[in-house]
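For reference, the structure is listed below as structure tokens.
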Amino acid sequence: MAERHEDNSQRFNTEGHQHNSDDKSLARSCQASSSSSCTGDGGSSPGGEGKRREQDIASCCRLDDLKKCHKKLGWLSFSSTHTVLIDVSIFNASKQVRPQEGRDMWHSSFVKMPFSPASVITIKTGLRKLPTQVNRWEIISKKLDGLASKKKLEVDDVAEVIIKFNPQYKDQWTFDALFSLVKCIPKEENYFNTLFPKIAALALSLPQHVKKAIPLLQTGNCAVITLSQVQISCLLANAFFCTFPHRNTSRPNAEYHNYPPINFNSLFGNWSDRKKEKLRAIMHYFNVVTDERTKPQGLVTFERRCLRDSELRSWRSCDEKLSNLYVTSKGNIEANCAGMLQVDFASRWIGGGVLGSGLVQEEILFLMNPELIVSRLFTERLADNECLFVTGSQQFSEYSGFGASFEWAGPHKDKLKRDEWGRLQRQILAIDALHFKNPREQYSMIKVTRELNKAFCGFKGHGDDEPDIATGKWGCGVFNGDPQLKAVIQLMAAAKAKKGLAFFTFGDEELANGLKQIYHLMVTEGITVEKLYGLLEDYCAVQQADSHSHVDLFKFIRDNIRCSRSHL
Ligand code: APR
């Protein structure tokens, strides 16, 4: 199935309602003491020039000044908007994880499960090949049982069964990547032939583990799903064997055309080094979750949040000052910010090309934390005012490189603590930036406002004791965003959300230094969000006036601040 690509027919938010802000501004600029430079990159403090440089960026804070905390949770409980797939009474009484009883829902608001009695397949039987309808799970479970009973399996056995479940794709789906993986991995590392039967057994156990219908997190519908890591592994084992019905086509009129693909067929074909490394991460995940000694016992929560019109506040009248900012060109979001809200530079089809050839920030995040992939089963395409939060996903692998140089780098031992609901204290926020086929398109206040609202939707959180945000060049890679503009947009959204930001420029020294300096200037000048919004309006007007030259945003802001200072 063709990998889902971004279309640009994105609806843009118009300006929100007038924002009646009487909030006390939050500008907490922790003046770093003169002795400590806040390069955050462990930069040393050089001589005179260095002193001046330090003063230019003295408003930034250190990473450990930012909040890493977690909500105090009460009992695990379900509600009309929070579906829990495990028995909450047993869990609250004994912390034991048992599937919540329930009934199958073959319905447009629920995940259509492979074992549903309503899932039928037409086969031709008897001498006269009369078409008859049989329950699909009868066929699937028999085949999976056959595989699970073997000690070792070849890729041929896996491919044959997957095509048996999806006969209409016999001539389309290929398995060359899976074949090549098994062939090219050195014998001592090659556990795949004995792993295939375990994945089949895990897939076969789905009806015993997931009994309550899984609601779809549909567009415009703020809702939450909490399920166990074991339930997730059974669902992903079924995705591995491509058993989910109605999920193999994204034709415009298809039932799930607004959902990302979940079946793993596209991972198994089109051999490339990228595919090899992706498959190594996925197979490692299954190797861990099919082993009684290492299979994880916690819970994970997926929450779709929508920015309702009433929450859309006019950016023009937001008098918040900038909140804390830590900037570094070293490290990355996931390695340095445990305990903070980590931004996933998402596609609106959550997970993007993780099951295809994509291999940038979101796909890498999903390969290192494969439980995130299950969000594709029930998360409809994100609208402009929506985001997805995931709490509790486990990191199973390490990686090196990025894009074409990505390599799976072995197991990761997740040392994070778990909260009262048994969830690892990792919070991931998926927000999809706009994709600018022509970068010039982004210099428009309709698009700037859409990005502000998207980031604010994710950053605003729910309560006080929420962690600060770890982000970076959101929308500035595949999506062609202007890093300076996106940095200012995220600063504004964080200020309105009263959250601090840790900004990783991922090796971009120039951006790191420029951001520290412009942040320091704006903080010392007491620049508010509304003032910045006005500056962006002028900036976009200047950019649009002359589409052949590019005006550096940080310079534009600096010149404007100096100019308004000279008029005082
Ligand atoms: N930490 C910090 N910064 C990172 C990290 C990381 N782990 N990984 C990458 N970056 C930086 C890189 O500089 C990269 O160029 O973020 C930039 C943007 O990353 P992209 O993944 O290209 O993000 P974006 O431009 O938003 O594209 C999103 O790509 O992964 C797909 O599904 C995703 O369709 C979506 C699109």
Counterpart residues, side-chain contact (heavy atoms from CB on, under 4.5 Å), relative to Val97 (two or more places apart): Ile86, Phe91, Ser228, Leu299

Under 3.5 Å donor-acceptor, His82 side chain and Ser79 backbone: no

Ring-face cation contact, Phe456 with Lys496, 6.0 Å cut, 45° max: yes

Set of residues satisfying side-chain contact (heavy atoms from CB on, under 4.5 Å) with respect to Lys68, sequence neighbours excluded: Leu63, Met340

Min side-chain heavy-atom separation Val300-Val374 under 4.5 Å: no

Whether Glu320 side chain and Ala497 backbone form a donor-acceptor pair below 3.5 Å: no

Where at least one partner belongs to residues 390-401, residue pairs that pass salt bridge (charged side-chain N to carboxylate O under 4.0 Å, His left out), sequence neighbours excluded: none

With Phe402 via ring pair (Phe, Tyr, Trp, His ring centres under 6.0 Å) - residues at least two apart: Phe506

Test ring pair (Phe, Tyr, Trp, His ring centres under 6.0 Å) applied to Tyr539 - qualifying residues, sequence neighbours left out: Tyr443, Phe556

Donor-acceptor contact below 3.5 Å, side chain Thr219 vs main chain Arg381: yes

Inter- and intrachain pairs under salt bridge (charged side-chain N to carboxylate O under 4.0 Å, His left out), touching residues 482-493, at least two apart: Glu451-Lys486

Salt bridge (charged side-chain N to carboxylate O under 4.0 Å, His left out) pairs, two or more places apart, involving residues 529-540: Arg316-Glu537

Residues forming a ring pair (Phe, Tyr, Trp, His ring centres under 6.0 Å) with Phe503, sequence neighbours excluded: none

All salt bridge (charged side-chain N to carboxylate O under 4.0 Å, His left out) counterparts of Arg305, not counting sequence neighbours: Glu303

For Asp546, side-chain contact (heavy atoms from CB on, under 4.5 Å) partners two or more places apart: His548, Ser549

side-chain contact (heavy atoms from CB on, under 4.5 Å) involving Gln218 - partner list, sequence neighbours excluded: Ser109, Leu216, Asn221, Tyr259, Glu380

With Asp508 via salt bridge (charged side-chain N to carboxylate O under 4.0 Å, His left out) - residues at least two apart: Lys473

